[in-house]
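Report on the structure given below.
So that the names make sense, note that chain A is the first sequence line, chain B the second, and so on, each numbered from 1. Treat the numbers as computed from the prediction; the structure is a model and nothing was measured.
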Amino acid sequence: MRIERELMRGAGPVAVLKLLQRREMYGYELVEALAERTQGVLDMGQSTLYPMLYNLEAQGYIKGIWRTGESGKDRKYYQLTGKGEKRLAKDSEQFERLTAALARLGVISQSPVTVAAKA
Amino acid sequence: MPDAAPHADTHPAAAAPAGATAAPAHRGRWQAIVNAADLPAPLAALVRDTIRRSRLWRSERADLARELVAHFRDGIAAGRSVDQLAADFGDPRAAARLITRAKRRGRPAWARGLATTWRGLGAIFLLCIPTYLYLGARYYLGRPNITHNYAAELNRPILATPVDERAWPLIIEAIKACGQFPQSLEQASWPNGPEDPAWADAVEYLHTHRDALALVRRAAAAPVLGYVYSGRIDPDLSKAYEVRRPGYKAEPEPDVENPMLVGVLLPQLGEFRRFSRMLAADATDAALAVDRERFMAEIDASFGLARLCWSEPMVISQIVGIMIADATLRTASERAFTPGLLNDDDLVKLAHRVGAFGDDSLQFNFSSDRLMYEDFLQRFYTDNGRGDGVPIHAELPQVARDFGFADPSLKPLVRFALPVLTATNASRAEIARQAEATMAAYEHDQNLPMWRRSERVSDAERVRLIAMVSQTLRFMESLTAGSSMERDLLTRDLFEMRRDALLTALALETFHRKTGGYPAALDELVPRYLPRLPIDGADGRTLRCTLVDGRPLLYSLGADGDDDGGRPPLKGNKEARRFFDVGPDTTDPDLLKVIDGDWILYPTPPDQSDR
């Protein structure tokens with residue numbers, strides 16, 4: 001199930017920043033990772049992903065660098081910047097508070113914090 | 001499975017990946033990149049469509065092409081079908097729009113600033129188009145509401161006067177009777193005494209043209225000048241010119257039904273000045289011949305011409321009247337005291353004649369100046385019926401042609417610019433208000449005596465008015481050029497001072513003839529010999545008088561404002577008067593030398609131009 005455009009507008013960039021926190025990735029890789037790791041929830045069309053990447057790049061949260069990978073293919077790899085790290089931390093905190101609030105309202109069953117605490 | 005980056009599990013801020021190559025140059029044509037990629041046709045078309053729709057720089061397009069190509073290659077390598085990849089990509093139009101917006105955000109600050117500026121300019125330009133169309137339509141399609149014929153208004157009392165009470169028809173006859181002038185007398189000023197080389201020619205001419213002088217004397221005695229204002233040359237005058245100038249052929253000119261008032265011809269003024277000079281020369285000849293009757297007749301006639309001009313409604317005519325009267329004063333001052341010329345009664349008559357011009361103080365009549373501005377407004381402005389309007393083009397080309405200017409609208413750039421240029425002009429109501437303020441300033445100033453001239457404000461108001469009118473007539477600025485009212489008032493003030501000095505000199509002469517001496521003070525002349533004391537325009541007190549070689553000398557304190565005992569300025573009255581407004585407070589030593597001294601009013605300074 002794909003999520004609504006408005007929700008995607010807020011969640012998409014955080015998801016991309018989070019993926020790039022672990023390692024740098026190129027466009028198609030990000031598409032695949034988003035689809036796989038969110039079980040299709042954040043599976044966005046490329047006509048949405050690339051503008052999102054360019055926006056994050058324009059705001060200085062990520063940086064794109066052309067490289068030739070081990071397969072010999074030229075790809076543009078995106079890296080998280082220091083500014084992007086701060087933004088991710090801030091957004092993550094906000095999402096946690098949001099989901100907690102939604103959980104208290106019963107909109108969602110359990111907040112991730114609760115799940116993590118139980119684990 | 002997508003390729004992992006060389007340091008897949010490390011932070012991107014870590015060291016550069018081993019085996020990585022330098023980033024490819026983002027140059028080159030994006031089409032070449034797509035073509036070289038050898039993508040399946042639908043995907044290549046999708047990439048082309050997206051890039052074509054984007055409004056990006058060349059390098060940005062190349063970068064985008066490279067990235068999309070890499071994306072689809074990766075998709076194909078991952079086993080995706082072409083259709084699925086195309087479907088996953090989404091709408092290329094939306095992609096192009098979003099990509100363009102995002103890429104532009106990433107541009108350098110200067111590029112974003114430039115883009116903002118261009119967008120701003122574009123918006124202004126778009127706003128300017130309807131504004132210009134509105135201004136253009138208003139300027140070029142607006143029509144004047146010409147309801148008044150101001151020339152006809154000025155002519156109405158003239159035409160109501162019987163022809164035999166008008167001076168102008170007699171002046172026309174006098175021009176014909178004068179015939180062709182000898183070459184030596186064609187110059188602007190006639191000789192005024194035997195010391196002039198042209199004097200013999202003048203005397204001979206005057207003696208052989210008594211009929212012409214008789215006509216001028218008759219004209220000078222007429223109740224009104226009687227010249228009919230028109231935009232074309234008076235046909236009768238044109239015929240008279242045929243007599244004066246052999247070879248000249250009068251060409252009939254079409255009459256202008258409603259001429260612009262500022263453009264009416266004033267040939268009568270030149271003719272009156274010429275005849276006043278003839279009369280002055282004949283008066284001098286009469287004085288030299290001790291012919292008292294002729295002398296008195298010519299002085300009387302010359303003042304008559306001055307009176308006729310002064311009675312005209314235009315300020316320029318009134319100034320000419322003062323100038324003729326001033327020249328007559330000079331002749332009278334120089335010749336009236338010729339031994340044996342005038343008897344005691346003649347002196348009194350002459351004094352009455354001199355004193356009659358202006359009585360106490362000459363008051364200008366500004367009525368036609370007011371009409372000129374009203375005429376200007378009705379021709380060059382729309383009329384909203386409530387006294388306001390905006391400048392329009394309608395009459396401009398015709399007026400330009402009438403006055404010998406190039407039609408400004410013939411130049412395309414000027415034609416284009418005129419609606420915008422005139423949009424900043426003063427409105428009809430603003431000009432009307434300023435015209436009223438100027439006329440009020442004229443009235444205020446002419447009631448201020450000469451020694452309070454620093455309080456005069458005419459020229460400041462007039463400059464404002466001329467600036468407004470010049471905006472509308474920006475290609476015909478000379479139409480708005482004119483005399484300075486403050487200068488005209490100074491001309492009047494100086495004339496009055498000289499007039500009163502001559503009256504005092506005549507009174508002193510009469511006193512001398514009766515008593516054999518001169519009074520100890522001018523007060524003794526009043527009221528038996530002089531109705532009132534002459535006033536010095538420099539300080540408002542009585543004119544100074546002293547005896548030099550047993551003869552009275554009347555003088556004003558002049559530009560330096562102190563009494564130098566009747567010593568004239570080093571460079572003469574006229575040069576000192578140029579710096580009248582500098583006043584005695586100046587510390588400039590060169591200027592002090594020029595203004596130092598008194599203005600000699602009687603007897604006339606030897607150099608007649610230095611009055």
Side-chain angles (χ1 to χ4, degrees), chain A residues 2 5 8-9 12-13 17 19-36 40 43-85 88, chain B residues 1-14 16-26 33 46 50 56 60 63-64 66-78 80 85-107 112:
Chain A
R2 284 196 177 195
R5 181 191 292 263
M8 179 64 95
R9 192 167 290 168
L17 293 177
L19 287 174
L20 293 178
Q21 191 180 32
R22 289 186 63 227
R23 62 179 175 85
E24 61 183 18
M25 299 173 89
Y26 53 88
Y28 190 82
E29 196 179 9
L30 277 166
V31 172
E32 291 286 280
L34 280 169
E36 264 178 35
D43 183 10
M44 59 181 80
Q46 289 90 64
S47 62
T48 305
L49 175 76
Y50 284 104
M52 185 191 293
L53 288 173
Y54 300 150
N55 263 326
L56 291 170
E57 192 176 20
Q59 292 172 80
Y61 299 135
I62 60 173
K63 187 167 76 173
I65 297 173
W66 282 95
R67 283 212 184 91
T68 304
E70 288 173 346
S71 61
K73 292 176 180 172
D74 280 344
R75 293 195 186 99
K76 191 175 186 181
Y77 287 88
Y78 292 95
Q79 304 173 342
L80 192 66
T81 64
K83 191 179 173 186
E85 287 274 16
L88 176 61
Chain B
M1 176 72 189
D3 279 1
H7 292 264
D9 290 319
T10 60
H11 192 277
T21 61
H26 296 173
I33 295 168
L46 194 59
T50 305
L56 297 172
E60 290 171 334
D63 193 66
L64 180 61
R66 201 179 296 275
E67 184 153 29
L68 293 181
V69 163
H71 172 88
F72 286 124
R73 275 180 175 162
D74 285 335
I76 291 166
R80 304 285 185 199
L85 283 169
D88 285 348
F89 184 79
D91 179 15
R93 188 175 308 187
R97 193 179 67 246
L98 294 171
I99 288 169
T100 301
R101 197 181 298 164
K103 284 275 188 188
R104 282 180 176 174
R105 274 191 202 123
R107 286 176 181 174
R112 279 181 279 127

Could you tell me which portion of B/R93 (side chain, backbone, both or neither) has an atom closer than 4.5 angstrom to a non-hydrogen atom of chain A? neither

Do A/Y54 and B/E67 get their side chains close enough for a donor-acceptor pair, meaning under 3.5 Å? yes

Interatomic distance, OG1@A/T48 vs CG@B/D91, rounded to 0.5 Å, equals 10.0 Å

Mind running side-chain contact (heavy atoms from CB on, under 4.5 Å) on B/R73 and A/R75 for me, showing each step along the way? CA-CA 10 Å; B/R73 275 180 175 162; A/R75 293 195 186 99; over 6 Å; no

Only pairs of heavy atoms separated by less than 4.5 Å count here; which of B/R101, B/R80, B/R97 has the most with chain A? B/R80

Mind listing the closest non-hydrogen atom pair of B/A102 and A/P51 along with its distance? CB-O, 3.4 Å

Determine, stepwise, if the pair B/L64 / A/Y50 fulfils side-chain contact (heavy atoms from CB on, under 4.5 Å). CA-CA 9 Å; B/L64 180 61; A/Y50 284 104; 5.6 Å; no

Could you check B/R105 against A/N55 for side-chain contact (heavy atoms from CB on, under 4.5 Å), going step by step and ending with a plain yes or no? CA-CA 7 Å; B/R105 274 191 202 123; A/N55 263 326; 2.3 Å; yes

Non-hydrogen atoms of chain A under 4.5 Å away: do they reach the side chain of B/L85, the backbone, both or neither? both

For A/G27 versus B/H71, what's the shortest heavy-atom pair and its separation? C-ND1, 4.4 Å

Name the option with the most non-hydrogen atom pairs under 4.5 Å to chain A; the candidates are B/G75, B/A94, B/A70. B/G75

Spacing of A/K76 atom NZ and B/D63 atom CG [to the nearest 0.5 Å]: 4.0 Å

